[in-house]
Amino acid sequence: DEWIVQQEQLTVAEIFARQGEPFFRLLETRALRQLPAAKLTVVATGGGTPCFENNMEFMLQNGVVVWLNPPLETLVARIWKNKQKRPLIASLTSEKEVMPLLQHLMEKRQPFYRQAHIVETNESLDLEKLIERIHQI
């Protein structure tokens, strides 16, 4: 998202408002395909990125994909803190409204996410162990 904001000189919310979600998803795809082919590059995509334009397939073929999958409650709290940057929840008025929306999105997105080489559900991530697992792949 940060790369797209830099390139477009618009916030994600402005892109959504002016040109819609499908256009934003195309920008995500373009950004993903333009990444340098470096061995030690970590890319944190937006949650929807793997679900459009064969992006998950591209990522699986070009790197090691890690799905950081904390409990839903943790995701809700994180997303709510930055609600102004998240067009899909910007209109919601309470944190309680985020849960059903996020549950719905996760149900739609999990078939993509589950394809990741590594699924990490532990909130207290052991970075050294994760790096070791990535190197093994």
Side-chain angles (χ1 to χ4, degrees):
D1 289 356
E2 290 173 20
W3 189 88
I4 291 170
V5 167
Q6 247 181 6
Q7 296 299 308
E8 297 296 311
Q9 297 296 300
L10 296 169
T11 67
V12 173
E14 289 170 334
I15 295 168
F16 264 69
R18 292 180 185 184
Q19 293 157 313
E21 182 180 2
F23 180 76
F24 177 77
R25 298 304 178 190
L26 289 174
L27 292 176
E28 281 182 320
T29 298
R30 185 180 312 145
L32 188 62
R33 303 291 194 282
Q34 290 178 355
L35 289 171
K39 287 187 177 185
L40 298 175
T41 300
V42 175
V43 178
T45 68
T49 305
C51 309
F52 297 90
E53 307 295 329
N54 296 318
N55 287 338
M56 180 56 98
E57 182 180 326
F58 177 83
M59 292 187 297
L60 290 167
Q61 291 174 357
N62 291 282
V64 177
V65 178
V66 178
W67 174 25
L68 301 177
N69 182 24
L72 197 56
E73 295 77 17
T74 301
L75 289 175
V76 168
R78 288 178 187 168
I79 287 170
W80 185 252
K81 281 183 190 176
N82 295 304
K83 115 176 198 163
Q84 69 281 0
K85 293 182 180 180
R86 306 217 173 240
L88 295 178
I89 68 157
S91 65
L92 302 181
T93 58
S94 76
E95 194 171 344
K96 288 181 182 179
E97 292 177 293
V98 177
M99 182 66 78
L101 174 63
L102 199 55
Q103 283 176 319
H104 175 71
L105 283 174
M106 291 300 291
E107 287 171 13
K108 286 175 46 180
R109 293 175 175 181
Q110 277 188 3
F112 298 96
Y113 294 173
R114 285 189 184 124
Q115 296 175 53
H117 296 106
I118 298 171
V119 177
E120 182 60 59
T121 57
N122 192 345
E123 279 191 85
S124 56
L125 184 66
D126 183 331
L127 192 54
E128 292 301 319
K129 285 184 182 177
L130 179 58
I131 290 169
E132 184 178 313
R133 288 171 64 196
I134 291 168
H135 283 293
Q136 289 173 352
I137 292 173

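Hydrogens, waters and symmetry mates play no part in the numbers below; they use all other heavy atoms, side chains included. Counting begins at 1 with the first residue of the sequence.
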- Note on the structure: Rounding to 0.5 Å, atoms NZ (Lys108) and CD (Gln110) come to a distance of 13.0 Å

- Intermediate values then yes/no, side chain to side chain contact (heavy atoms under 4.5 Å, CB included), Arg133 and Val64: CA-CA 10 Å; Arg133 288 171 64 196; Val64 177; over 6 Å; no

- Task: For atom CD of Gln34, decide whether the heavy atoms of other residues, nucleotides or ligands shown that lie under 6.0 angstrom number more than 12.
- Result: yes

- Message: If you compare all heavy atoms of Thr49 against all heavy atoms of Arg25, which two are closest, and at what distance to 0.1 Å?
- Response: N-NH1, 4.1 Å

- Is Phe23 reachable from Trp3 through a run of I, L, V, M, F, W or Y residues, each pair having side-chain heavy atoms under 4.5 Å apart? yes

- Donor-acceptor pair, Gln19 side chain versus Phe16 backbone, under 3.5 Å? no

- Flag yes if Trp80 and Leu72 sit in one hydrophobic cluster, no otherwise; membership is Ile, Leu, Val, Met, Phe, Trp, Tyr, and two members link when side-chain heavy atoms are under 4.5 Å apart. yes

- Spatial distance of atom CD (Glu95) from atom CD1 (Ile89) [nearest 0.5 Å]: 9.0 Å

- Message: Can you tell me how far apart CD (Glu53) and CZ (Arg30) are? Round to the nearest 0.5 Å.
- Response: 11.0 Å

- Message: Within this structure, what is the CG-CD distance for the pair Leu60 and Glu57, rounded to the nearest 0.5 Å?
- Response: 8.0 Å

- Same cluster for Leu68 and Ile137 if Ile/Leu/Val/Met/Phe/Trp/Tyr side chains link at under 4.5 Å? yes

- For Arg109 and Cys51 the tightest heavy-atom approach is CG-SG, 3.4 Å

- Message: For the CD1 atom of Ile134 and the CD1 atom of Ile118, what is their distance to the nearest 0.5 Å?
- Response: 5.0 Å

- Message: Between Glu28 and Thr45, is there a side-chain heavy-atom distance shorter than 4.5 Å?
- Response: no

- Which heavy atom in Pro87 sits nearest to a heavy atom in Ala13, and how many Å separate them? CG-CA, 3.8 Å

- Message: For Phe52 versus Thr29, what's the shortest heavy-atom pair and its separation?
- Response: O-OG1, 4.4 Å

- Message: Strictly distance-based, threshold 3.5 Å: is any side-chain N or O of Glu120 a donor or acceptor partner for the main-chain N or O of Asn122?
- Response: yes

- Task: Rounded to the nearest 0.5 Å, what's the gap from CD on Gln7 to CD1 on Ile15? Could you check?
- Result: 10.5 Å

- Message: I want to check something: taking the side chain as every heavy atom from C-beta on, are Thr11 and Gln84 in contact at a cut-off of under 4.5 Å?
- Response: no

- Are Arg33 and Asn55 close enough that some pair of their side-chain heavy atoms sits under 4.5 Å apart? yes

- Could you tell me whether the side chain of Asp126 and the main chain of Lys129 form a donor-acceptor pair under 3.5 Å? yes

- Message: Keeping Glu97 on the side-chain end and Thr93 on the backbone end, is there a donor-acceptor pair under 3.5 Å?
- Response: yes

- Cluster question for you: counting only ILVMFWY and a side-chain heavy-atom cut-off of under 4.5 Å, with indirect links fine, are Val119 and Leu105 together? yes

- Residue pairs involving residues 62-74 (criterion side chain to side chain donor-acceptor pair (under 3.5 Å); sequence neighbours excluded): Thr74-Glu123

- Query: Are Leu35 and Val66 connected in a single hydrophobic cluster, I mean Ile/Leu/Val/Met/Phe/Trp/Tyr linked by side-chain heavy atoms less than 4.5 Å apart?
  - Reply: no

- Query: Side chains of Phe24 and Ile4: does their closest heavy-atom pair fall under 4.5 Å?
  - Reply: yes

- Message: To check you understand the geometry: which heavy-atom pair defines the closest contact between Arg78 and Pro70, and what is its length?
- Response: NH1-CG, 3.6 Å

- Message: Could you tell me if the side chain of Met59 sits less than 4.5 Å from the side chain of Leu32, heavy atoms only?
- Response: yes

